[in-house]
Asker: 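Structure provided below as structure tokens; questions to follow.
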Amino acid sequence: QVQWVESGGDSVQAGGSLRLSCAASGYTYIYYGCMGWFRQAPGKEREGVATIYARRGNTAYVDSVKGRFTISREYGKNTLYLQLNSLKPEDTAVYYCATGPNWGCPTVPKSTDFGYWGRGTQVTVSS
């Protein structure tokens, strides 16, 4: 059974930075399909934040984080990262990573297109 384990969440002040990590267990091969980071704030739906299509290195971001967040993966491992810079209070949420389609990343990532969810890591940004 594949499962992602997220880490790196913390409480920071606005303008600060964090680096989230996500490691997958249960894979018997290196996955080169789509992987993504999502977030869910209290009372809101889970939102796709960033995706990476490992086979080609293509990345995509939701408009609200473009220029501030960077998704990457570690070569040869099922490990995913999300660098968060210039954090804002509206970035406060639980952040999750998950496995997406093997053929590529959806233009608008929806949580129903992804699986093997971890428990998430809390990011809290104070003003």
Asker: Are L20 and Y61 connected into the same hydrophobic cluster when the rule is that any two of I, L, V, M, F, W, Y join if their side-chain heavy atoms are below 4.5 Å apart?
Answerer: yes

Asker: Which hydrophobic side chains are connected to Y32, either touching it within the sub-4.5 Å cutoff or through other members that do?
Answerer: I30

Asker: Ignoring hydrogens and angles, write down the donor-acceptor pairs under 3.5 Å from the side chains of residues 109-121, residues two or more places apart or on other chains.
Answerer:
residue : atom : partner : partner atom : Å
W117    : NE1  : F114    : O            : 3.4
T121    : OG1  : G9      : N            : 2.9

Asker: Work out which heavy atom in Q122 is nearest to a heavy atom in A93; give both atom names and the distance.
Answerer: NE2-O, 3.4 Å

Asker: Under a single-linkage definition using a 4.5 Å side-chain heavy-atom cutoff for Ile, Leu, Val, Met, Phe, Trp and Tyr, are I52 and V2 assigned to the same hydrophobic cluster?
Answerer: yes

Asker: Can you tell me which residue pairs pass the side-chain hydrogen bond (donor to acceptor under 3.5 Å, both in side chains) test with a partner in residues 87-97, sequence neighbours excluded?
Answerer: R39-D91, R39-Y95, R68-D91

Asker: Within the structure provided, determine whether Y81 and R73 are in side-chain contact (heavy-atom separation under 4.5 Å).
Answerer: no

Asker: Y53 and W37: same hydrophobic cluster, using ILVMFWY side-chain contacts below 4.5 Å?
Answerer: no

Asker: Which atom names give the shortest non-hydrogen contact between R46 and F38, and what distance separates them?
Answerer: CG-CB, 3.8 Å

Asker: Just by distance, do the side chain of E6 and the backbone of C97 share a donor-acceptor pair under 3.5 Å?
Answerer: yes

Asker: Just by modelled atom types, is the C34 backbone N or O under 3.5 Å from a matching donor or acceptor in the R55 side chain?
Answerer: no

Asker: Can you name the residues that form a salt bridge (Lys or Arg N to Asp or Glu O under 4.0 Å) with K44, not counting sequence neighbours?
Answerer: none

Asker: Considering only heavy atoms from C-beta outward, does the side chain of L82 approach that of L80 to under 4.5 Å?
Answerer: no

Asker: So which atom in W4 and which in N78 form the shortest heavy-atom distance, rounded to 0.1 Å?
Answerer: CZ3-O, 3.5 Å

Asker: Does the side chain of P101 reach to within under 4.5 Å of the side chain of P106, using non-hydrogen atoms?
Answerer: yes

Asker: I'd like to know whether L18 forms a side-chain contact (heavy atoms from CB on, under 4.5 Å) with V123, so could you lay out the CA-CA distance, the side-chain angles of the two residues, the decisive distance to 0.1 Å, and finally the verdict.
Answerer: CA-CA 9 Å; L18 286 173; V123 172; 3.8 Å; yes

Asker: Quick one: ring-ring contact (aromatic ring centres under 6.0 Å, His included) partners of Y31, sequence neighbours excluded?
Answerer: Y27

Asker: Working to the nearest 0.5 angstrom, can you tell me the gap between E74 CD and C22 SG?
Answerer: 12.5 Å

Asker: Kindly write out the residues that satisfy side chain to side chain contact (heavy atoms under 4.5 Å, CB included) with N85, not counting sequence neighbours, or none if the list is empty.
Answerer: S17, Q83

Asker: Quick check: do I71 and M35 have side-chain heavy atoms less than 4.5 Å from each other?
Answerer: no

